[in-house]
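The structure presented is a predicted model; accordingly, all values stated were derived computationally and were not measured. In what follows, every chain begins at residue 1, and chains take the letters A, B, ... in the order their sequences are listed.
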Amino acid sequence: MAVTYPQLSHGALQQILADQKVNRPILQIIVYKQMSQSDQLKYRFQMSDGVETCSNFVIILPELIQRISKGEFEKFTVVELKAYTCTVNPGIGREIIVVSDMSVVMSGAKIGKRLDKQESNGGFLSNAGNTSLNGKPRAEPSKTASPMAAAKSGVSGPQSVCPISAITPYFNAWKIRARVTSKANKRNWSNARGEGCVFSFDCMDESTEIRVNAFTKECDKYYDLIEVNKVYYITKGTVKTANKKFSNLANDYEITLNSDSVVELCADIEVSEMPKIRYRFVQIKDLESVALQSVVDVLAVVKNVDECMSITSKKTQKELKKRDIALVDKTSYEVRFTLWNEVAEQFDGQTNQIIAIKNAVVGEFNGRTLSGVSSTTYQLDPDIPETNILKEWFEREGQTLSTNTLSKSYEGVRDNEWKFLSQINEQTVNGDNRSYFNIRARVVQTGRNPIYKACGQNGCLKKVTDNNNGFYHCAKCQTDSTQFEPRLILSMALSDCTSEVWITLFQEQAEKILGISAKELHELQESNPPEFVKALTASEFKEYSFRIGSKVEQYMDESRIKSVAFNYTPIDAIKHAKQLIKNIAEWTD
DNA sequence: CCCCCCCC
């Protein structure tokens, strides 16, 4: 039986070399070879469009190089060029075509020969998308001129725009047009070499992505100009080998801006025309085996979103905000992802949403954890095919599967452990240690005097004493003021089928469970005592799930839990029941 | 030329 050969895009090479963009041309690989004059691995390909050949196709992208070494693009393979850029390399004075994405239409082994004009024009109907009705190649010059053509016509300056993937330390005359995908905060540094400030940003175009660093002078010059999502032309800079320890970008190089650099906002292109963020996902299960402090991308279901909490850094005594998020993916492995400060406060993801995280750092604390850093970005329900696949998996089976968590909390207690109240009473109380677990219980009693008067100055919040002369004294600030801030320390007795435990809720949690602000509650106490009692007891005899992350203390022969975060979200009833059954099994063993 | 990224 005769083989029906794929149809090549006749004439495409001529158009490409004339700077006319051809959409996804179909070409045949005639021969390729490794180029070894630099320390960067490159391949040069000779391609045919059935009419003529061109030997100036260059492959630099590591992903494609890996596929070459796997034998995907052997001699005579017909490929579709999905992304490429034609640029003039001043070094060799002729056009080179940098290929950043291509896929196989038919393998070289199956074709086994160079296709001539007739053979490659035979109405290859099984690939209808590439065949127009009159049998001519679908590929045609696109309506938008290429960046290069635009450059030549003076729209974006005198110099050609080249793909980021063409940037190497051996090619100085580059000009790129890239969209900024993340921007790190400005930071000061000082060491033996001197001192200064630095910031960096990550950007990308159709070909790949790259990190750009700006030190001291350039830091001050460009810090305000650079904004996430905007598109910039960048010309000149020092190209250095990227330290993979600090980024997960698909580039072996990074740019350091210098005094010759020119960075200009590109106003003549819609951001929507620029490529979206590309991820290189690692499965959660595999985080166990990646090096600590490495930078990874993860796609996962948001399984739980903790409250944003305030903590004090022991090192710097600085107050930090953090928020933990539990992530699970198709491996049924779970990992904790910690966001910091503004990002923690602003996180608005919901349980069961899909999250794509780029550039998270792998840490270790009783297992593996993920942490956000300044170049970390995330997208909720990202517009990529994997989102739906993961969502369907989670809805079909993922949500009912028990997970293996990589992030055990303190004392080796699983973050997602559920406890009966009697187990809390049995728990050994040990110093400063915090415990992490979940309980489900009914509020059976509310402490009747939850409001205290706090010093409202400079965020002090210490309890003030009433001088009984219209002034309140703060021992810490050494001041007397007519003003105070009402705040809450709310005690509640919780009950489940095994025991009863007292819990203390501070300000935010107390406001949340009562559904009223401390200030409003105080006003009610002053103006309408019956309504005050009603508001105070609003949560009595209702059932809640509490996520405990606190000390458990002994108090008058009872256990008392202090400072908890708690969930309003319905708990996972199946998981809860399973855990309780497990607990019972352990007891009866 | 930075490379810290925090807490239990």
Side-chain angles (χ1 to χ4, degrees), chain A residues 182-202 211-220 222-223 237-249 254-259 261 291-296 306-326 336-345 357-377 405 407-415 417 430-437 547-552 562-565:
Chain A
S182 80
K183 175 188 174 185
N185 293 327
K186 195 185 218 171
R187 212 157 31 82
N188 292 315
W189 56 273
S190 88
N191 59 28
R193 295 178 185 189
E195 59 179 60
C197 55
V198 64
F199 89 105
S200 66
F201 58 96
D202 296 343
R211 177 159 293 179
V212 182
N213 301 302
F215 286 94
T216 317
K217 256 175 113 178
E218 287 73 37
C219 176
D220 291 337
Y222 296 117
Y223 187 74
T238 313
V239 178
K240 297 177 181 182
T241 306
N243 187 338
K244 295 285 178 185
K245 213 173 139 190
F246 304 111
S247 94
N248 188 33
L249 302 193
E254 55 188 42
I255 297 167
T256 297
L257 298 177
N258 58 38
S259 54
S261 302
L292 286 180
Q293 305 308 315
S294 49
V295 184
V296 295
D306 272 9
E307 298 294 305
C308 189
M309 348 188 157
S310 264
I311 51 167
T312 308
S313 163
K314 274 191 177 151
K315 255 187 225 160
T316 63
Q317 297 302 313
K318 261 198 307 187
E319 182 173 315
L320 308 166
K321 295 257 178 16
K322 65 160 248 186
R323 189 199 291 272
D324 283 346
I325 294 151
R336 191 174 76 202
F337 174 46
T338 305
L339 296 173
W340 299 94
N341 301 323
E342 300 81 21
V343 190
E345 290 177 295
I357 304 163
K358 189 177 177 68
N359 271 332
V361 172
V362 178
E364 188 183 41
F365 186 80
N366 284 322
R368 290 291 155 99
T369 58
L370 291 175
S371 186
V373 293
S374 54
S375 65
T376 304
T377 58
T405 183
S407 315
K408 295 181 180 66
S409 64
Y410 211 77
E411 296 166 339
V413 176
R414 287 162 61 114
D415 271 3
E417 182 168 348
N430 42 2
D432 282 344
N433 288 348
R434 282 166 166 261
S435 294
Y436 294 85
F437 52 87
R547 181 172 168 72
I548 312 295
S550 84
K551 280 190 199 176
V552 175
K562 293 179 82 168
S563 174
V564 298

- request: Report yes if at least one side-chain N or O of A:N213 is closer than 4.0 Å to OP1 or OP2 of B:dC1; otherwise report no.
  value: no

task: Mark this stacking check for A:W189 against B:dC2 as yes or no, applying ring centres under 5.5 Å and ring planes under 30°.
output: no

statement: Nearest heavy-atom approach of A:L249 to A:K244 is O-NZ, 3.4 Å

- request: Just call it for A:N185: base, sugar-phosphate, or nothing, with non-hydrogen atoms closer than 4.0 Å on any strand.
  value: nothing

task: Can you see which heavy atom on A:E218 is nearest to which on A:N258, and at what distance?
output: OE2-C, 3.5 Å

Enclosure of A:K245 NZ (heavy-atom neighbours >12, cutoff 6.0 Å): no

message: If we count only N and O atoms by modelled type, under 3.5 Å, do the side chains of A:S374 and A:N185 hold a donor and an acceptor together?
response: no

field: Donor-acceptor pair (no angle test) under 3.5 Å: A:R211 side chain, B:dC3 base
entry: no

field: Spacing between A:R336 atom CZ and B:dC6 atom P, to the nearest angstrom
entry: 11 Å

- prompt: Taking CG from A:N188 and C1' from B:dC5, how many angstroms apart are they, rounded to a whole number?
  reply: 15 Å

message: Under the criterion of centre distance below 5.5 Å and interplanar angle below 30°, is A:W340 classified as stacked on the base of B:dC5?
response: no

query: For the side chain of A:S371, counting heavy atoms from C-beta on, which of B:dC2, B:dC6, B:dC8 is nearest?
result: B:dC6

task: Taking side-chain hydrogen bond (donor to acceptor under 3.5 Å, both in side chains) as the test, write out the residues that go with A:T338, two or more places apart.
output: A:D324

message: Quick check: any donor-acceptor pair below 3.5 Å linking the side-chain of A:K322 to the base of B:dC7?
response: yes

- prompt: Short question: side chain of A:K183, backbone of A:Y223 - any donor-acceptor pair under 3.5 Å?
  reply: yes

message: If I take atom NZ in residue A:K245 and atom C1' in nucleotide B:dC4, what distance separates them, rounded to the nearest angstrom?
response: 11 Å

Per A:F246 side chain, nearest of listed nucleotides B:dC3, B:dC2, B:dC7: B:dC3

query: Considering heavy-atom distances to DNA chain B, does A:S200 or A:V361 have its closest nucleotide positioned more toward the 5' end?
result: A:S200

statement: To the nearest angstrom, the CD-P distance between A:E364 and B:dC8 comes to 17 Å

- prompt: A:I255 CD1 to B:dC2 P: how many Å, rounded?
  reply: 19 Å

- prompt: Closer than 4.0 Å, any side-chain N/O of A:R187 to the OP1 or OP2 of B:dC5?
  reply: no

- request: Could you check whether A:Q293 gets within reach of a base, just the sugar-phosphate, or nothing at all, counting any heavy atom under 4.0 Å?
  value: nothing

message: Any base atoms under 4.0 Å from A:R193, or only sugar-phosphate, or nothing? Heavy atoms, all strands.
response: sugar-phosphate

message: Is there a side-chain contact between A:K240 and the phosphate of B:dC1, meaning an N or O under 4.0 Å from OP1 or OP2?
response: yes

message: Nearest to the side chain of A:L320, heavy atoms from C-beta on, is which of B:dC5, B:dC3, B:dC6?
response: B:dC6

- request: Report the distance from atom OH of A:Y222 to atom P of B:dC2, rounded to the nearest whole Å.
  value: 20 Å

message: From CZ of A:F199 over to P of B:dC1, roughly how many Å is that when rounded to an integer?
response: 17 Å

message: Measure CD1/A:I325 against P/B:dC7 and give the value in whole Å, please.
response: 18 Å

